[in-house]
Colleague: 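Quick one: the structure is below, and I'll ask about it shortly.
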Amino acid sequence: MKWTVALLSAAVMTAAAGCGSGGGTAGDDKVHLRFSYWGSDSRQKLTEQVIKKFEEKNPTIDVEGDFSNWESYYEKLATKVAANDAPDVISIEIRGLSEYAGRNALADLSGKVPTADLDQQVLTSGQIDGKQYAIPTGVNTFSMLANSAALEKAKQKLPDDKSWTWDDWVNMAKQVTVAGGGVVGAEYNYNPAWLQIFAAQRGEKFYDGNKIGITADTLKAWWAIHQQLIQTKGARDAAKSAELISLGPEQSLLATNAGAMGMWWSNQLNALSKASGQEMTLLRMPKAQGATTGGMFLQPAMFYTASVKSEHATEAGKFIDFMVNDPDAASLLLSDRGLPTNSKVLAAVKGKLPPVDQKTLTFIADVKSELSPITAPPKGALQIEDVLKRNSEEVLFGKTSPDAGAQKFLTEANAALAG
């Protein structure tokens with residue numbers, strides 16, 4: 001993901017000269033809102049349906065979906081904010097919250113969106129300096145997904161996910177690949193969520209204030225897992241794996257039935273199951289030897305925020321209210337943006353959830369007591385995934401040593417956080 005901090009800095013300088021965000025008022029006197037979000041084609045179709053439902057209930061408001069793929073989303077958003085042309089309602093993930101709120105791009109939604117029925121612990125993750133800049137869309141957790149049929153075909157059983165280790169995962173992946181049939185045991189990625197979980201198992205924080213809290217030893221141990229997967233043929237080689245990482249969930253090994261295990265957010269179970277046509281199982285992440293905690297955490301799938309420059313703050317609040325508090329919206333979105341955090345909405349749609357979403361709901365309920373709460377990371381966090389990916393590839397491609405790679409990551413990551 002590319003992030004242009006200079007563009008947001010320019011937004012602060014140009015805000016006073018602009019005419020405000022949003023699309024103004026349409027010729028038919030309807031209020032016109034723009035809503036930005038990222039995702040797959042399936043998410044775009046769902047979002048268009050839910051927008052239509054909102055417009056039916058609010059005939060004086062038109063909503064234009066401003067859709068981008070994941071790779072280009074933040075770069076496009078930063079450009080729009082800098083040009084004083086921000087969408088009225090903006091989807092943001094937790095890594096971008098401090099960045100945008102800290103640069104006065106977001107409105108304080110306290111009292112503007114009803115939140116009494118939302119999970120209050122999850123709600124606090126959308127607060128910066130006591131202000132409610134963001135409303136969580138739903139919750140999920142980073143987890144292991146397994147194709148049960150692929151494991152069975154390779155004569156492997158689903159693991160006991162309360163006790164399995166990273167060595168167990170690597171060995172199981174190796175056995176699946178060795179069994180043949182063209183199915184690779186596992187696919188890895190560079191998602192910071194995985195490193196955060198791994199670090200927590202070793203007693204370390206990913207972020208320690210405005211600095212990286214992970215040690216070089218932990219980073220090297222994490223890369224060693226990737227290297228073991230490649231060396232044992234449990235995963236594709238570094239070049240092919242890097243290519244797969246860039247393609248996204250719907251073209252992953254799991255989705256195309258070319259792999260047996262992979263790590264994804266729990267709300268992606270539905271899309272992966274549909275793409276593969278296979279039954280997937282959600283599992284706890286493996287643990288490091290001797291770990292006393294699993295390190296997994298409950299996180300908003302994303303947030304809804306509003307531009308501080310929107311000329312239609314009331315209507316923007318209505319739209320966010322609908323998206324998180326209306327059962328009709330939840331009946332369409334289901335778990336696409338995480339399971340609803342509104343207890344009443346969840347109760348209303350629980351019986352309507354398809355079997356795949358029921359599995360996600362059951363999994364979250366089973367592991368919830370083990371999950372740590374999360375707070376928004378510091379400014380600069382949006383750059384960390386790119387920094388981690390770049391340095392991971394240099395190590396796995398053999399361009400640099402793990403020792404040098406770890407020091408380079410820490411230097412670059414801390415520089416990004418320092419601004």
Side-chain angles (χ1 to χ4, degrees), residues 1 3-13 15 21 35-38 73-74 77-78 80-82 84 86-116 118-140 192-193 196 205-213 297-310 313 316-317 319-321 323-324 337-338 341-342 371-385 413-419:
M1 177 180 9
W3 177 245
T4 310
V5 174
L7 289 173
L8 270 182
S9 298
V12 177
M13 297 171 62
S21 74
F35 166 49
S36 67
Y37 65 100
W38 69 84
Y73 181 76
Y74 279 108
L77 181 60
K80 291 170 185 174
V81 171
N84 200 38
D88 299 275
V89 179
I90 304 169
S91 299
I92 287 180
E93 59 168 332
I94 197 166
R95 287 179 297 168
L97 184 55
S98 293
E99 190 78 52
Y100 278 90
R103 294 184 182 273
N104 301 314
L106 305 179
D108 182 3
L109 296 174
S110 302
K112 297 177 182 177
V113 177
T115 58
L118 302 182
D119 184 315
Q120 297 301 297
Q121 185 181 66
V122 177
L123 185 65
T124 60
S125 65
Q127 296 176 4
I128 303 292
D129 296 330
K131 294 183 178 181
Q132 191 74 49
Y133 288 107
I135 307 296
T137 65
V139 291
N140 60 10
Q196 181 172 334
K205 296 179 180 179
F206 195 105
Y207 297 104
D208 186 6
N210 293 324
K211 294 183 179 180
I212 296 293
F297 52 91
L298 190 66
Q299 176 170 302
M302 60 188 80
F303 292 105
Y304 298 126
T305 67
S307 169
V308 73
K309 302 300 292 183
S310 175
F319 182 69
I320 296 174
D321 177 20
M323 295 292 277
V324 298
R337 288 170 166 86
T341 64
N342 182 315
L371 303 179
S372 303
I374 192 168
T375 57
K379 289 181 184 179
L382 274 172
Q383 300 177 65
I384 301 304
E385 185 171 359
N414 281 320
L417 297 181

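Residue numbers count from 1 along this sequence.
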Colleague: As an exercise, state the distance from OG1 of Thr115 to CD1 of Ile320, rounded to the nearest 0.5 Å.
Modeller: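 Rounded to the nearest 0.5 Å, the OG1-CD1 separation comes to 12.0 Å.
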
Colleague: Nearest 0.5 angstrom please: Leu118 CG to Thr124 OG1, how far?
Modeller: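 Spacing of CG (Leu118) from OG1 (Thr124) equals 11.5 Å.
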
Colleague: List the residues meeting ring-ring contact (aromatic ring centres under 6.0 Å, His included) with Tyr133, not counting sequence neighbours, and say none if there are none.
Modeller: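 None.
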
Colleague: Under 4.5 Å between any side-chain heavy atoms of Ile94 and Gln299, yes or no?
Modeller: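 Yes; the side chains approach each other to less than 4.5 Å.
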
Colleague: Do the side chain of Gln132 and the main chain of Leu123 share a donor and acceptor less than 3.5 angstrom apart?
Modeller: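 Yes: the side chain of Gln132 pairs with the backbone of Leu123.
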
Colleague: At what distance, to the nearest 0.5 angstrom, does CE of Met323 lie from OG of Ser91?
Modeller: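 One finds 7.5 Å between CE of Met323 and OG of Ser91.
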
Colleague: Counting C-beta onward and ignoring hydrogens, is there a side-chain heavy-atom pair between Met302 and Tyr37 closer than 4.5 Å?
Modeller: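 No - every pair of side-chain heavy atoms lies 4.5 Å or more apart.
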
Colleague: Keeping the roles fixed (side chain from Glu99, backbone from Gly380), state whether a donor-acceptor pair exists under 3.5 Å.
Modeller: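 Side chain of Glu99 to backbone of Gly380, a donor-acceptor pair under 3.5 Å: yes, one is there.
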
Colleague: Can you name the salt bridge (Lys or Arg N to Asp or Glu O under 4.0 Å) partners of Asp119, sequence neighbours left out?
Modeller: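 By the salt bridge (Lys or Arg N to Asp or Glu O under 4.0 Å) rule, Asp119 matches Lys368.
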
Colleague: Name all residues meeting the side-chain contact (heavy atoms from CB on, under 4.5 Å) criterion together with Lys205; count only those two or more places apart in sequence or in a different chain, and write none if there are none.
Modeller: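 Checked Lys205 against side-chain contact (heavy atoms from CB on, under 4.5 Å); zero matches.
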
Colleague: Taking side-chain contact (heavy atoms from CB on, under 4.5 Å) as the test, write out the residues that go with Pro192, two or more places apart.
Modeller: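 For Pro192, the residues satisfying side-chain contact (heavy atoms from CB on, under 4.5 Å) (neighbours in sequence not counted) are Arg95, Phe206, Glu385, Leu388.
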
Colleague: Could you tell me the separation between the CD1 atom of Ile384 and the CD atom of Gln196, rounded to the nearest 0.5 Å?
Modeller: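 Answer for the CD1-CD pair, Ile384 versus Gln196, is 12.0 Å.
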
Colleague: Just how far is it from atom CG of Leu97 to atom OG1 of Thr305, taken to the nearest 0.5 Å?
Modeller: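 Answer rounded to 0.5 Å: 8.0 Å.
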
Colleague: Over all heavy atoms of both residues, which pair between Asn210 and Pro378 is shortest? Give the atoms and the distance, please.
Modeller: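 Closest approach of Asn210 to Pro378: OD1-CB, 3.2 Å.
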
Colleague: Who pairs with Lys80 by side-chain hydrogen bond (donor to acceptor under 3.5 Å, both in side chains), at least two apart in sequence or on another chain?
Modeller: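 Applying side-chain hydrogen bond (donor to acceptor under 3.5 Å, both in side chains) to Lys80 gives Asp66.
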
Colleague: Which pair of heavy atoms, one from Ala105 and one from Val81, lies closest together, and at what distance?
Modeller: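 In terms of heavy atoms, the two residues are closest at CB-CG1, 4.2 Å.
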
Colleague: Please evaluate residues Tyr207 and Leu417 with respect to the criterion side-chain contact (heavy atoms from CB on, under 4.5 Å), reporting the C-alpha separation (whole Å), side-chain torsions for both, the decisive distance (0.1 Å), and the verdict.
Modeller: CA-CA 10 Å; Tyr207 297 104; Leu417 297 181; 3.9 Å; yes

Colleague: When rounded to the nearest 0.5 angstrom, what distance separates NZ in Lys309 from CG in Asn104?
Modeller: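 Spacing of NZ (Lys309) from CG (Asn104) equals 10.5 Å.
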
Colleague: In chain order, what residues pass the ring-ring contact (aromatic ring centres under 6.0 Å, His included) check against Phe303, with sequence neighbours excluded?
Modeller: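 Listed in chain order: nothing, the list is empty.
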
Colleague: Would you say the side chain of Ile374 lies within less than 4.5 Å of the side chain of Pro300, judging by non-hydrogen atoms?
Modeller: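 With C-beta onward as the side chain, the pair touches.
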
Colleague: Closest heavy-atom contact between Leu106 and Ala101?
Modeller: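 Leu106 and Ala101 have their closest heavy atoms at CD1-N, 3.8 Å.
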
Colleague: Do Ser98 and Ile128 have side chains that get closer than 4.5 Å, going by heavy atoms?
Modeller: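 SC-SC contact between Ser98 and Ile128 confirmed.
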
Colleague: Who are the side-chain contact (heavy atoms from CB on, under 4.5 Å) partners of Pro373, not counting sequence neighbours?
Modeller: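 If we apply the side-chain contact (heavy atoms from CB on, under 4.5 Å) test to Pro373, skipping adjacent residues, the hits are Gln121.
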
Colleague: Using a 4.5 Å cut-off on heavy atoms from C-beta on, say whether the side chain of Ser372 contacts that of Leu298.
Modeller: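 Not in contact.
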
Colleague: Side-chain contact test, heavy atoms from C-beta onward, threshold under 4.5 Å: evaluate it for Val122 versus Thr341 and give yes or no.
Modeller: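 Yes, their side chains come closer than 4.5 Å.
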
Colleague: The criterion is side-chain hydrogen bond (donor to acceptor under 3.5 Å, both in side chains); which residues satisfy it with Asp108, sequence neighbours excluded?
Modeller: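 Applying side-chain hydrogen bond (donor to acceptor under 3.5 Å, both in side chains) to Asp108 gives Ser110.
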
Colleague: Residues two or more places apart in sequence or in another chain: which of them pass side-chain contact (heavy atoms from CB on, under 4.5 Å) with Ala301?
Modeller: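 Applying side-chain contact (heavy atoms from CB on, under 4.5 Å) to Ala301 gives Thr137, Asn140, Asn267.
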
Colleague: Is Phe319 close to Tyr304 at the side-chain level, that is, under 4.5 Å between some pair of heavy atoms?
Modeller: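 Result no, sub-4.5 Å side-chain heavy-atom pair not found.
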
Colleague: Do Tyr100 and Ile90 come within less than 4.5 Å of each other through their side chains, counting heavy atoms only?
Modeller: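 SC-SC contact between Tyr100 and Ile90 ruled out.
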
Colleague: With sequence neighbours excluded, tell me which residues meet side-chain hydrogen bond (donor to acceptor under 3.5 Å, both in side chains) with Tyr73.
Modeller: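 For Tyr73 the side-chain hydrogen bond (donor to acceptor under 3.5 Å, both in side chains) partners, ignoring immediate neighbours, are Ser36.
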
Colleague: Which heavy atom of Asn414 sits nearest a heavy atom of Ile212, and at what distance?
Modeller: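 Looks like OD1-N, 2.8 Å.
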
